[in-house]
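Read through the structure below, which is laid out as structure tokens, and then see the notes.
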Amino acid sequence: MAGGNYTQGNFAPVRDELTITELEVTGTLPAQLDGRYLRNGPNPVDDPDPANYHLFMGTGMVHGVRLRDGRAEWYRNRWVRSAEVAAALGESPRPGPVHAGMDFSANTHVVGQGGRTFAIVEAGSRPYELTDELDTVGPCDFDGTLPGGYTAHPKRDPLTGELHAVSYWWGWGNKVQYSVIGTDARVRRTVDVEVAGSPMMHDFSLTESHVVLYDLPVTFDGDKVASGTLPYTWNPDYPCRVGVMAREGDGSDVRWFEVEPCYVYHPLNAYDDGDRVVLDVVRHPRMFATDHNGPNEGASLLHRWTVDLVGGKVVEELLDDHNQEFPRIDERLVGRRHRYGYSVGLVDDMSGGPYADAGVGIVSSSLVRHDLVAGRSQVRTFGPGTEPSEFVFVPDGPDAAEAEGVLLGYVYDSAVDRSDLMVLDAATLDTVAAVHLPARVPQGFHGSWIAN
Ligand SMILES: [Fe+2]
């Protein structure tokens, strides 16, 4: 088994696409929330073989709730219609500019740019554009401006509204590509950067003056391609390093700094501090070394890497010892000094639950709020048998302070086999409102609040 059966409990796919316009709400939805909360995740369109199914490979499904004037106007969930998904649903394909034949139902994140909506994924595949109501338009190369595939983790510069990203693909050999997409949803700049091999570069960091790359020892494994599972494994012979490039650099000026062997999917945020660059990251001790689905490789903990650009060293410091993932901040502070962060707390005791015999290493159990100035964290739980998803911060208004706002995220309740969209006070984690969905939102990956 690929390290666990990820077709059990709330990892199981849902089978129906719903459009619900009468939604029950508890509490009061803040009237300033005018937009859509969207979240992507794997939802295999065909029943997968649990022995071979990898969570990262399931076809994508986006779940969304439209909020306006203190009302929840609709809930919709829609598969991202790659040719495979369209065929499975008995529909015509949506032709478009697929990269290198890699037509993949983008399953990892969903973002807005230029008034458009994009389901996105890494490793060589292009975004899929969606309508406001989550129907698939087709694969997208941003009007012919994106040379290759994209990534699941672009960062929006809060000053310019541009999307910065680093993309990777095994077919590029020893290079990755930094790109900048303007507010018109067209790529205005790409920079190729040489790396040590073909790493799985899930995310990157952006500061006011730097782009930071994570060249870490999970690399392409061609032997796994034929089986259809994720073709990346732990590579003990590969370096483990972070690269710092000036934002306006040309790829020749990257400086590399070694760190202890580990893997990072997600930085929380990064910022410049004089001659240092501060990187807050969720650090996994290893990835895909003994468990090809990942979660049995040891606790993932929030660390701070301080890169000394003059001394040429990285100082590593543990910030918080909760097992956690899916870190998010107030995104008005992307690349700037942040105080607060929000991540999903994980438990690794599966006894007695739906995953007791599934070989699933961890499951979400709480929301953790970090105060990195006070050095404290606060944990919110949602009751027995509940599984929270990633939470996204939305400020109360453009001039609100860093923690003044709400957090939006789906929480699954196994007792009723349904999910709620929870709206929490970001300062206290108290419930502000809950939108009760008539269906289950499976365990998934990342989401966005896309304001109208
Ligand atoms: Fe991610």
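Below, each value reflects all heavy atoms present in this structure, side chains not excepted, and no hydrogens, waters or symmetry copies. In listed order, ligands and their atoms are each counted from 1.
Proximity of the aromatic rings of Phe142 and Phe118 is defined here by a centroid distance below 6.0 angstrom, and this criterion is met.
A salt bridge does not link Asp272 to Arg247: none of the charged nitrogens lies less than 4.0 Å from a carboxylate oxygen. Remark: Glu260 does not engage Arg283 in a salt bridge, criterion side-chain N to carboxylate O under 4.0 Å. Taking the charged nitrogens against the carboxylate oxygens, Arg66 and Asp132 have no contact shorter than 4.0 Å, which rules out a salt bridge. The existence of a salt bridge linking Arg286 and Asp291 is excluded, since no basic side-chain nitrogen approaches an acidic carboxylate oxygen closer than 4.0 Å.
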Could you go through the side-chain hydrogen bond (donor to acceptor under 3.5 Å, both in side chains) check for Asn77 and Glu17 one step at a time? CA-CA 5 Å; Asn77 64 311; Glu17 294 185 318; over 6 Å; no
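The tally of protein N/O/S atoms under 2.8 Å from the Fe ion (ligand 1) stands at 4.
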